[in-house]
Amino acid sequence: MKLPKEPNIPAQINIVPLLDVVFTLLTFFVISTLFLTNSEGLPVNLPKASTGQQSQTPQKITITIDSQGQVSLNRQPTTFDALTEKIRTLVGSNQNVLVVINADEKAYMGLTVSVMDKVRKVPGTKLAIATQRQ
């Protein structure tokens with residue numbers, strides 16, 4: 001018995017699975033870069049300074065003062081009077097803690113200075129004021 005001859009079909013490359021893999025990888029990298037942003041405090045309009053620097057330290061405490069005078073410690077609202085004790089609790093026995101103050105440029109300067117005084121009363125803290133580059 002003689003089998004019929006199969007027609008010669010030219011070889012084809014199917015790229016649909018390749019496109020699926022490429023779009024999956026692209027989606028993974030886009031989503032993973034969204035998690036690389038570092039949000040340290042509540043959003044406020046920081047004053048601009050040409051000599052402002054960003055420092056990286058292992059432990060950082062962020063105090064935010066918004067334009068209405070509300071004080072937050074590590075993104076949690078707090079009262080002005082309880083600020084020193086809460087900072088002492090966070091610092092514990094660590095003697096190398098950086099406290100960053102994010103004060104809105106429209107915030108009352110007297111409140112900002114008073115917060116700085118409260119931070120200085122806690123031993124082992126270093127004080128920094130956040131600014132934006134011009």
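Note that the structure is a prediction, hence the values are computed from the model and not measured.
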Identify whether Val16 and Val21 are in the same connected component of the hydrophobic contact network (ILVMFWY, side-chain heavy atoms under 4.5 Å).
-> no
Considering all heavy atoms of both residues, which atom of Ser72 and which atom of Pro77 are nearest to each other, and what is their separation?
-> OG-CA, 3.9 Å
Atom of Ala107, atom of Asp66 and distance for their closest heavy-atom approach | CB-O, 3.6 Å
Shared hydrophobic cluster, Val115 / Met109 (ILVMFWY, side-chain heavy atoms < 4.5 Å) | no
Can you check whether Val44's main-chain N or O pairs, donor with acceptor, with Asp104's side chain at less than 3.5 Å?
-> no
Can you find a heavy atom in the side chain of Thr78 that is under 4.5 Å from one in the side chain of Lys86?
-> yes
So do Thr62 and Thr64 actually touch side chain to side chain, heavy atoms under 4.5 Å?
-> yes
Does a sphere of radius 6.0 Å around CG in Leu25 hold more than 12 heavy atoms from other residues, nucleotides or ligands, not counting ones at 6.0 Å or beyond?
-> yes
What distance separates Thr33 OG1 from Phe28 CZ, expressed to the nearest 0.5 Å?
-> 10.0 Å
Close side-chain approach of Leu90 and Val97, heavy atoms under 4.5 Å | no
Shortest non-hydrogen contact from Ala103 toward Pro47 = O-CD, 3.6 Å
What's the spacing between Glu105 CD and Thr112 OG1 if we round to 0.5 Å?
-> 12.0 Å
Min side-chain heavy-atom separation Ile101-Met116 under 4.5 Å = yes
What's the spacing between Arg88 CZ and Leu83 CG if we round to 0.5 Å?
-> 11.0 Å
The reported gap from CD1 in Ile129 to CG in Leu127 (rounded to nearest 0.5 angstrom) is 6.0 Å
Under a 4.5 Å cut-off applied to non-hydrogen side-chain atoms, are Val100 and Asn102 in contact?
-> yes
Please examine the side chains of Gln59 and Asn96, heavy atoms only from C-beta on, and report whether any two atoms are closer than 4.5 Å.
-> no
About how many Å separate CD1 of Ile65 and CD of Gln70, when rounded to the nearest 0.5 Å?
-> 11.0 Å
Are Val71 and Ile63 close enough that some pair of their side-chain heavy atoms sits under 4.5 Å apart?
-> yes
Enclosure of Tyr108 OH (heavy-atom neighbours >12, cutoff 6.0 Å) = no
State the NZ-NZ distance between Lys126 and Lys60, to the nearest 0.5 angstrom.
-> 13.0 Å
Is it possible for you to say whether Ile15 and Leu26 belong to one hydrophobic cluster, with membership spreading through side-chain heavy-atom contacts below 4.5 Å?
-> yes
Report yes if some heavy atom in the side chain of Thr125 is under 4.5 Å from a heavy atom in the side chain of Arg120; otherwise report no.
-> no
Would Ile61 and Phe80 show up in the same hydrophobic cluster when neighbours are defined by side-chain heavy atoms closer than 4.5 Å?
-> yes
